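The next block holds one structure in the form of structure tokens; read it before the comments.
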There are 2 protein chains.
Amino acid sequence: MRKFDDSLPLQLLKAREAAMSFFRPLLQEYAVTEQQWRILRALDEYQELESKQLAERCCILSPSLTGILNRLEQVGYIQRRKSSEDQRRSCISLSEQGRQLVDTLSPQVEQRYKQLTDSLSQQKLEQLSTLLHELSQLRSL
Amino acid sequence: MRKFDDSLPLQLLKAREAAMSFFRPLLQEYAVTEQQWRILRALDEYQELESKQLAERCCILSPSLTGILNRLEQVGYIQRRKSSEDQRRSCISLSEQGRQLVDTLSPQVEQRYKQLTDSLSQQKLEQLSTLLHELSQLRSL
DNA sequence: CAGTGGTGCTTAATATATTAACAAGTGGCC
DNA sequence: GGCCACTTGTTAATATATTAAGCACCACTG
């Protein structure tokens, strides 16, 4: 039978752990979690997003998102407003404080990201990115 | 700046989600979690392992492992014994019931794994595996 | 306009992840 | 033997992940 270590999900997990080891110390220094940073990063790029879009882009399920957004709101990094057309939807955006954090952290994150990509070569990185994208499209029937 | 969706950790996360979508329904049907299955799978392959080795191979931190092993022991899938030479270490192994579960589930998991790999082509899979392994070796200085 | 199905988000309950602190066991060293 | 540094495993506290329920709001339809 196929060996345990050959499991694709496990390989993906280990690869991600290695990649995250580049950023964890930095994020911890600023007291934001990995997931919180994904949210902040997405909001920085898309200005204002609904919860559902945020969940989709950040790969976070809505029940988790509820808690994360509550905490981010409490420390003052984001703000919400109810959509005027649809009372169910809430639109999330960065607060001034949140934007400041992103502006401060982003360059440092980018620097470490470069260390990471340089360690692997540009070509392999693109190759990997392509394969990962292809895999992401797959769904069990 | 680099786009949000280009983030390697996020790509790895999404790829893993896609891959796991092939197995989640099956695992849920047998009421075992993803992590519990990793443990059982590892124990099936290595007979008996110490907690630390298990944590290493399954990519699970010790505090999480403590809880997972407690639950697996309670439902009767594993058993522990203290190492005779070193009273700190505990050796974990599959119980008869645990072995039965693995024997029942493994073929079905393999079947879905084949669906997954067939969807991607053998060549790309090997290519991906190689790149992931290389990435896994990297560590932030 | 009440009824109905569907959507967006939250709650609840349980299982993990993550960091720090701790408790106990081991080995070396004086 | 007693002190010490180190290792193994656990506990504690907080943040997420996952599935199932629930609740409010929306659009549609009779």
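A quick note: this is a predicted structure, and the numbers were derived from the prediction, not measured. Residue numbers start from 1 in every chain, and the chains themselves are labelled A, B, ... in the order their sequence lines are given, proteins ahead of strands.
Comparing B/Ser90 and B/Glu17 by the nucleotide of DNA chain D whose heavy atom lies nearest to each, the residue mapping closer to the 5' end is B/Ser90. Nearest-nucleotide positions on DNA chain C place A/Cys91 closer to the 5' end than the other of A/Cys91 and B/Leu61. Along DNA chain C, the nucleotide nearest to B/Ile68 and the one nearest to A/Glu50 differ in position, and the one closer to the 5' end is contacted by A/Glu50.
Separation of atoms CD (B/Gln11) and CG (A/Leu135) is listed at 11.0 Å; rounding is to 0.5 Å.
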*Verify salt bridge (charged side-chain N to carboxylate O under 4.0 Å, His left out) between B/Arg81 and B/Glu48, making sure each step is shown before the conclusion.*
CA-CA 10 Å; B/Arg81 66 172 187 82; B/Glu48 190 178 58; 2.9 Å; yes
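Between the P atom of D/dA24 and the CZ atom of A/Arg88 lies a distance of 14 Å, rounded to the nearest Å. Look at NZ on A/Lys82: it is 13 Å from C1' on D/dC26, rounded to the nearest Å. Look at CZ on B/Arg80: it is 10 Å from P on D/dG9, rounded to the nearest Å. Across the protein-nucleic acid pair, B/Leu54 atom CG and D/dT8 atom C1' stand 14 Å apart, rounded to whole Å. The CZ atom of B/Arg89 sits 14 Å away from the P atom of D/dT10 (whole-angstrom rounding).
Judged by distance alone, the side chain of A/Ser21 and the main-chain N or O of A/Ala18 form a donor-acceptor pair under 3.5 Å.
Between B/Glu56 and B/Lys52 there is no salt bridge, since none of the side-chain N atoms of the basic residue sits less than 4.0 Å from a carboxylate O of the acidic one. Between B/Glu34 and B/Arg38 there is a salt bridge, since at least one side-chain N of the basic residue sits less than 4.0 Å from a carboxylate O of the acidic one. A/Arg88 and A/Glu50 are not joined by a salt bridge, as no carboxylate oxygen comes within less than 4.0 angstrom of a charged side-chain nitrogen.
The footprint of chain B on DNA chain C, defined by a heavy-atom cutoff below 4.0 Å, extends from C/dA15 to C/dT26.
Counting any heavy atom pair closer than 4.0 Å across all strands shown, B/Gln53 reaches no nucleic acid atom. Nucleic acid contact class of A/Leu65 (heavy atoms, under 4.0 Å, all strands): none. Among the protein residues, A/Ser64 comes within range of the nucleic acid bases, having at least one heavy atom under 4.0 Å from a base atom. Across all strands shown, A/Ser62 has heavy atoms under 4.0 Å from base atoms, whether or not it also approaches the sugar-phosphate.
Taking the side chain as every heavy atom from C-beta outward, A/Leu43 and A/Tyr77 never approach each other to under 4.5 Å.
Taking only side-chain nitrogens and oxygens, B/Thr66 never comes nearer than 4.0 Å to OP1 or OP2 of D/dG9.
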